[in-house]
Amino acid sequence: MKNNNYNLKDFANDQEIKWCPGCGDYSILKQVQSILPNIGISKEKIVFISGIGCSSRFPYYMNTYGMHSIHGRATAVATGLKSSRPDLNVWVITGDGDSLSIGGNHLIHLLRRNLDLNILLFNNEIYGLTKGQYSPTSELGKTTKSTPLGSIDNPFNPISLSLGADASFIARAIDREPKHMRQILIEANNHRGTSLIEIYQNCNIFNDGAFSKFTNKDFKKNNSIYLENNKPLIFGDENDKGIKLDGIDPLIVDLNDKNISVEDLWIHDQKSIEKANILSRFSDINYNYSKFPRPFGIFFQKKRKCYEDEMLNQINFNFTEDDLNKLIAGDLSWNIK
Amino acid sequence: MKNNNYNLKDFANDQEIKWCPGCGDYSILKQVQSILPNIGISKEKIVFISGIGCSSRFPYYMNTYGMHSIHGRATAVATGLKSSRPDLNVWVITGDGDSLSIGGNHLIHLLRRNLDLNILLFNNEIYGLTKGQYSPTSELGKTTKSTPLGSIDNPFNPISLSLGADASFIARAIDREPKHMRQILIEANNHRGTSLIEIYQNCNIFNDGAFSKFTNKDFKKNNSIYLENNKPLIFGDENDKGIKLDGIDPLIVDLNDKNISVEDLWIHDQKSIEKANILSRFSDINYNYSKFPRPFGIFFQKKRKCYEDEMLNQINFNFTEDDLNKLIAGDLSWNIK
Amino acid sequence: MSKIKKTLDNVTILFAGDSGDGIQLAGGQFTNNTAFYGNDLSTLPDFPAEIRAPIGTLAGVSGFQINFGSKVFTPGDNCDVLVAMNAASLKKNINKLRERGIIILNTSGFDKRNMRLAKIPDSDDPFDNFDLKNFIVHKIDITKLTRERLQNTDLEKKEIDRCKNMFVLGFIYWIFNRSINSTIIFLEQKFYNNKNILNANISVLKAGYNYGDTSETFSSRFDVKPRKMKKGSYRNILGNQAICLALVSASYKSKLDLFYSGYPITPASDILHQLSKYKSFGVRTFQAEDEISAICSAIGASFGGNLAVTASSGPGMALKTEALGLVFMLELPLIIINVQRGGPSTGLPTKTEQSDLLQAVYGRNGEAPIPVFAPSSPSDCFLVTYNACKIALKFMTPVIILSDGYIANGAEPWNFPVITDLEDFEYEFKKLKFSEKFNPYLRNENFVRNWAIPGTKDLEHTIGGLEKDNDSGDVSYEPENHQLMVKIRQAKVNNISNFIPDQKFSSGSTNSDMIIISWGSTYGVIQSSINELKKNGYDIAHIHINYIVPLPKNIEDILKYFEIILVPEINNGQLIKIIRDKFLVNAIPLNKIMGIPFNSHEIVNKVKSLLN
Amino acid sequence: MSKIKKTLDNVTILFAGDSGDGIQLAGGQFTNNTAFYGNDLSTLPDFPAEIRAPIGTLAGVSGFQINFGSKVFTPGDNCDVLVAMNAASLKKNINKLRERGIIILNTSGFDKRNMRLAKIPDSDDPFDNFDLKNFIVHKIDITKLTRERLQNTDLEKKEIDRCKNMFVLGFIYWIFNRSINSTIIFLEQKFYNNKNILNANISVLKAGYNYGDTSETFSSRFDVKPRKMKKGSYRNILGNQAICLALVSASYKSKLDLFYSGYPITPASDILHQLSKYKSFGVRTFQAEDEISAICSAIGASFGGNLAVTASSGPGMALKTEALGLVFMLELPLIIINVQRGGPSTGLPTKTEQSDLLQAVYGRNGEAPIPVFAPSSPSDCFLVTYNACKIALKFMTPVIILSDGYIANGAEPWNFPVITDLEDFEYEFKKLKFSEKFNPYLRNENFVRNWAIPGTKDLEHTIGGLEKDNDSGDVSYEPENHQLMVKIRQAKVNNISNFIPDQKFSSGSTNSDMIIISWGSTYGVIQSSINELKKNGYDIAHIHINYIVPLPKNIEDILKYFEIILVPEINNGQLIKIIRDKFLVNAIPLNKIMGIPFNSHEIVNKVKSLLN
Ligand SMILES: Cc1ncc(C[n+]2csc(CCOP(=O)(O)OP(=O)(O)O)c2C)c(N)n1
Ligand SMILES: Cc1ncc(C[n+]2csc(CCOP(=O)(O)OP(=O)(O)O)c2C)c(N)n1
Ligand code: SF4
Ligand code: SF4
Ligand SMILES: [Mg+2]
Ligand SMILES: [Mg+2]
């Protein structure tokens, strides 16, 4: 649905972009600017709300409405904006520190409330803007400015956490797969309810190569799996590996094995919370899934009532001045003459 | 393991208890006071840290060390205390508002870090101390002081949320089943790592009967299921119902049916994150599990490194004054004579 | 039997009993009746700190004090009549009764159990334990009389006993020569679906009233003079109620939707409760997950073009600090209400205090001046809140309103306005004029920037908490620009002093012997102290400051007429710091930090000591 | 070729270039060398606000200024020597050079591309765009000379170009007649596992040095007089470093484990970074999920008997407000460090400011006085932090330390102590004496309560944020008790003034013409201004306040000798409010709010205008 004959440039502005050369943020900016012309919403109705961090400078580079708020609170600001202005198309831009460290609480509350907006979580597994401390998604043992002997905090699994918080749309994308990212962005925007997209983003200054497993041509296909609804789980260099469910336990199978057929494979079902929970643990070292590929795409999607609609349902704007005068007068008033 | 010949009274003090008569908090207090004499820890090593709320007055009634801190922050205070004093036995006392509304972030971070302490989450599905507003666990549509037309916030499922946050011990108990609660308290305390126990607690003033489904003799057995490790999932008035796993889908089965045998039932396995995730959704109206009984007992338990141990591992206390003088002098110093 | 009638100027009654005794309800009923009768009045409820403190204990005592008459400023220092439903309530309150005051005792509340719970030593006659000789004591077995009255009903004992408060109320109505009809109407509404309970309550109410007529108890009944009030419509109002009504009115007059976001906290919660009942007036209320989310969501709503409001108290206000800095930098309108309570930290949640003033004025990182207004009484909350909305919108600024627990829960008659008489709002949403270049930080003659809300074509822009260039509105770290912006933002707030009323004298004049400066809920007690002092020949000037940041322009002019300047506050001295700093005058503090308001004798004594 | 040697008192050099040019490293090396040489010195780094601002642009300019000589108070107002590696760095800094100052230009940094990036109009000779006639200009093609020197190595071009800064450094060493050895040692450590890079750097360093000898560039070399320092051991120190060393030392001397908890924020993060390297000194560091958790976990650690510390800046400090109230009520020791930056809100994160003073003093709900100390220079951070720990433990109180970005990142020589010479700590963990009744809020003669830590037998107790009874320590809502407790807590803080040094004059005496009052990082510039003024015959007194809450007892005595009182601050006037309020003196503000320190001429001019 093309509208107003927008193109990518209509969403860019003349601000100098201040990210480091080579930063993964550029790709995300570009993909967002690419899909907006086609979502059928006029530019002035689109708002980007961010917290603080490198990623959170994003709104400055968009030719839409925006707010660069304070660290961790974009989700809260967006909640107030969307619930009072359901007509707007609202996007939250946040980093792994912004959303999962200081802003963790507002994030999970937004997910449970399910306002119709889109959260783009730029996960670079590091604090960029403050120059390289570990974040809640940094892997165990990581040495950073604040962990010279290696980090000892078990990292969050953002997908599992979101599932636990009852998110109604959860997906993962990566800066180096622009086409896939665009597709996910569009689906997220189409979803009515809060859409969370975790986007792997390379910080080439403080955490270069954090996601090279999933971007390096030599092994990315073995390390990642791209989810498609109603399609079997297949991955590998030659699309030669599959995943099967043995009862409740997933198994990696070799599709070259003649005893295995594609029909036996796990069919991705975005509606299944049970499957989404298992998928979210793929490649998680905590749970014997370390050999499994990292999934990209939509993990889970569910129709659920949106907070702002329910709020509106309870409200009545058609009152008269007289009603208001009565409210002020209360049940018991008297006149002095 | 009985120690110091303590008994319940050693853990009570002379403070006047200020909960409403009939409040479920009394039972929890009593069960805690009952198990402490037997955990093999001297009284002076035990500390209770709470936030703010009716429940959070708990430390005042314990003859141990305690801190009644500020709203939502008991988990953060306890993190600092336990990581710097691993020798102490630390308990966090918190309410559903305290831990899941204002304190949600510290809670999930504590769970992922996995300090060895016990969190007792008194869930009465209401704000008691502030006199009856809805809480993040109040059911949809609930009318309270702040929701005269019914609440529109999808409530958290505390067990699912904790699983998503990588908690290493998750259990549920209820004020009216004291024996079961004591057993869970003991297991939680034995677990090395953060133990979260959600305890259903009746607030007879502002939310009376919230859990009557699970306490009323007439139907509690049909509405609840008590989990025991390595035992099949059986419930019902006559222990006549069971739960079976059909692939990834749980089914309620009738044990009177001759085609069903106890051997076919789902065997509870505290180590299984996959099963715990499904269990956590039992009776959750969001996920087609509304007909399932509410589980009580230990959902999940996992061995994982404790934060304070890892912290200690990196630290060296055996330095000399000379080392310190060298540190102060730095790499490049000079003398003026 | 006919009795003597006396006419009085003012009376203070204190209803006291266990928190289960229905004291607040009886007090509230008497208040409405009194207001209707035309008395001026002021009330002070005193709740126990616990939800349900143990029955019969001192901690469980609930009190409701009302002062009413021809001219009333406070709920009264001492009371003329004390109703004590049990031993604990007498023990706790007996020191508040004036000499020759009247005590009405419910004798069955003084049985052994009640005496033990109130921690009073055992003795044959329970009343031996109290020094009652200076009072006029009326012992009535209210419990027994109530039970007798209802013995032929189907009610359970618990239900019967719960009607006791109606007996007291009826009896008090009789003493003050009132009609019981307003309460009958109230009961009919409250119990419309439970006729048994309704009838029981009415029956006991009448019993209490008749008891006055038939018993030998009182030798006189009292008429209390109504206030000569100016023409108009009146109702009773609590401070928190007045705030809510002002917000709804401001929303209507400004044509902006009201967005209220809050997290429950005593004594601010009632604002959330009440506004959430106003959904039929286009009001959105949001119970946020914490106070940070409360203010941030309100900021989001303000960005979207709503009249956005948040309220809290002590610890919750502290949590809003960072976001207050943000909204200050964004220059968006926002109303932040602090219903102050006893601090610091969790402090004394159910008690009143004025100790968050310096936090409101100075408590942010960086140079972030925010207007601070303070109402002086429950009804004044309406005007101050309404004006705060006007200033916030006209000047694109957050405004902090400092109320307190005493104002929030106190009642007084209010000459309420009709909507058409309320002042109009001055603000506009920016629309782009042809070929104009848009900059969100372009300012008008009052230094006020553009409010361009999402949805407006061609005004797309991003704002944030970083310093921005005065010309372009873009982020700027330029040294000179920062200084310029700090000065402009300060000038904008200072300039508001041109749009608030000049400071007026509440009493006295430039010729008076000395001046009292006050703010917030101390207004009433200072006025009544000054009246008392006037009777003794003292001429005391009084200015009560509603607008603290910025101060009215003429304060310096006023102060130069006075050598003695007294600043009474319910804190350890806060406004006085601002006064001394600004005007270099040797103002003298009078502080009370007990979680309760001043008594007028405390003010009177201080004034006398200064003047003698 | 031999050249003339000149001896100077003081020199200021500003190294400037693109942030990729290694400016900070060269500056740091020169600083260490200079310190070693025995000069007094002061430095000011100026980072770009962005992580990697676009190469060649104005936003990408990185600067490092050092003032060194026989007596130095500040990094210097104007500089004598400016090194400009590219066009943008010259454009940005040329106005800082004094008349007849020396400019060293890297000519290849002025090619068309660089000129365009610096937004300088095109012209044949790029230098036509600058007004250079009043300066001594040395154009050197540093890039080319570096490349030539390394043409026979295996290094890539990028790696070669990165050695440019060594050329500059070598050249500057030559000008100031220094040995290059300290930098060779440094390079050997830094690149010990990459010999190629090591050799390249050393080679270019030497090339730069030799260039001075062989070229005709300079007609004179300079000797800068060393400072006459008192006997002792010296090192260079940054403010944040000094804080860390003080904390580790205090931990050792007090025999308490150090628990540091923080959340990254500029410019406080380095405290976290550095302390996390001190795990071998028994230090626990905790990167919390936010600032609320940072302070709350530190409170937990303090409750457990640790020396607990947290640090932050602007927005993060705001978030700690509520918990500050808690720890105040708990009366537990805690060190809270605020490394101030430009505000309000996110403000100017990489710039310096003194605008959080009033927040530190007043920014809490309720009456919650907390001691506030402020260091005056990088090395002073050690003493102030050490003393803050002493006071916190002796008085069971939180103490706020106000540093700022300028102190945090500035360097100066420090006469460092040995551990044995540091003062001992006075505090004790409560142990129960036989048959004593324990109350955690029982106080000693200094109003200090008992510190009884978990693990101590028979002292089990619970503390919290509610008001507590003075006698029993139990929760209490009693009016009189609350007032008593507020007064006691205030008295405890006031009493600390008996345990801090009396205010001394930094310059002048009671006979001086006027007095300057200052605090924090303005110390140096005010001292150098006063020295300059002295040369002009002015006698100016100066008191620099390190202890702001409570103030030293003798300040009132000092002030009464002066009619003119000037209070310069890097904010819009904050300390001055406290001075005016407390002492009712008509102190005059001098404010600069540009995110950068004062220049001495700004102070000098103001003083002159006041005295003429
Ligand atoms: C209240 C507060 N605390 C700390 C900071 C400092 N700070 C700015 S961004 C940031 C974290 C950035 O990490 P992330 O959110 O992952 O964003 P990235 O820069 O990696 O995109 C921090 C700690 C701040 N601005 N405000
Ligand atoms: C910062 C702050 N915000 C709000 C409050 C008010 N408050 C006290 S307890 C509470 C919630 C209580 O609910 P819960 O945690 O469920 O405990 P319960 O009383 O039900 O046991 C609130 C909102 C506070 N004390 N501090
Ligand atoms: S520091 Fe990292 S995340 Fe930030 S702009 Fe640079 S590359 Fe991107
Ligand atoms: S209000 Fe509810 S939770 Fe609180 S003490 Fe009373 S019954 Fe218990
Ligand atoms: Mg990041
Ligand atoms: Mg609760």
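Below, chains carry the letters A, B, ... as their sequence lines are ordered, and counting in each starts from 1.
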Can you confirm whether more than 12 heavy atoms, excluding those of [X], are under 6.0 Å from its [atom1] atom?
X	atom1	result
C:Lys430	NZ	yes
A:Asp331	CG	no
C:Glu188	CD	yes

Task: Any A:Tyr65 side-chain heavy atom under 4.5 Å of C:Thr456 side chain - done: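 Side-chain contact under 4.5 Å: yes.
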Task: side-chain contact (heavy atoms from CB on, under 4.5 Å) between C:Ser249 and A:Ile328, worked out - done: CA-CA 9 Å; C:Ser249 306; A:Ile328 293 175; 3.4 Å; yes
Under 4.5 Å from a heavy atom of chain A, the part of [X] involved:
X	value
C:Asn415	neither
C:Asn32	both
C:Ile295	neither
C:Leu330	side chain
C:Tyr278	side chain
C:Lys228	neither

Return the [atom1] to [atom2] distance between [X] and [Y], rounded to the nearest 0.5 Å.
X	Y	atom1	atom2	result
C:Ile292	A:Asn105	CD1	CG	9.0 Å
A:His68	C:Ile463	NE2	CD1	12.0 Å
C:Glu460	A:Met62	CD	CE	10.5 Å
A:Leu332	C:Arg235	CG	CZ	9.0 Å
C:His461	A:Thr64	NE2	OG1	10.5 Å
C:Phe281	A:Ile315	CZ	CD1	13.0 Å

Given a strict heavy-atom distance threshold of 4.5 Å, which part of [X] is in contact with chain C: side chain, backbone, both, or neither?
X	answer
A:Ala329	both
A:Arg112	neither
A:Leu312	side chain

I'd like to verify something: which residue of [options] has the highest number of heavy-atom pairs under 4.5 Å with chain C?
options	answer
A:Asn63, A:Val47, A:Leu327	A:Leu327
A:Met67, A:Met311, A:Lys45	A:Met67
A:Gly66, A:Ala76, A:Ser69, A:Pro59	A:Gly66
A:His106, A:Glu44, A:Lys337, A:Arg85	A:Glu44
A:Ala74, A:Gly72, A:Gly80	A:Gly80
A:Phe48, A:Phe317, A:Tyr307	A:Phe317

Could you tell me which of [options] has the largest number of non-hydrogen atom pairs under 4.5 Å with chain A?
options	result
C:Val418, C:Leu466, C:Leu459	C:Leu459
C:Ile185, C:Asn306, C:Val475, C:Ile299	C:Asn306
C:Gly38, C:Ser182, C:Gly304, C:Gly305	C:Gly304
C:Ala298, C:Gly465, C:Ala35, C:Ser293	C:Ala35
C:Ser261, C:Ala294, C:Ser297	C:Ser297

TODO: Could you go through the side-chain contact (heavy atoms from CB on, under 4.5 Å) check for A:Ser84 and C:Phe286 one step at a time?
DONE: CA-CA 10 Å; A:Ser84 64; C:Phe286 173 57; over 6 Å; no
Open item on the list: Name the residue from A:Ile46, A:Val90, A:Leu88, A:Asn89 that meets the side chain to side chain contact (heavy atoms under 4.5 Å, CB included) definition with C:Pro454.
Closed with: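 Only one of A:Ile46, A:Val90, A:Leu88, A:Asn89 forms a side chain to side chain contact (heavy atoms under 4.5 Å, CB included) with C:Pro454, namely A:Leu88.
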Task: Positions in residues 319-329 of chain C that reach chain A, provided some heavy atom is under 4.5 Å away - done: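 Against chain A, the residues of residues 319-329 of chain C that fall inside the cut-off (heavy atoms, under 4.5 Å) are C:Glu322, C:Ala323, C:Leu326.
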- [ ] Could you go through the side-chain contact (heavy atoms from CB on, under 4.5 Å) check for A:Gln15 and C:Thr462 one step at a time?
- [x] CA-CA 11 Å; A:Gln15 297 286 314; C:Thr462 292; over 6 Å; no
- [ ] Report the relative orientation of the aromatic rings in C:Tyr234 and A:Trp334; use parallel for angles under 30°, tilted for 30 to 60°, perpendicular for over 60°.
- [x]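 Parallel, since the angle between the ring planes stays under 30°.
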Open item on the list: side-chain contact (heavy atoms from CB on, under 4.5 Å), that's the test. Do A:Asn325 and C:Phe416 meet it? Break it down for me.
Closed with: CA-CA 9 Å; A:Asn325 277 325; C:Phe416 59 86; over 6 Å; no
- [ ] Determine, for A:Arg113 against C:Glu289, whether the closest basic-nitrogen to carboxylate-oxygen distance falls under 4.0 angstrom.
- [x]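 Between C:Glu289 and A:Arg113 there is a salt bridge, with a charged N closer than 4.0 Å to a carboxylate O.
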Open item on the list: Which heavy atom of C:Phe259 sits nearest to which heavy atom of A:Ser83, and what is that distance?
Closed with: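 For C:Phe259 versus A:Ser83, the nearest heavy atoms are CE1-OG, 3.5 Å.
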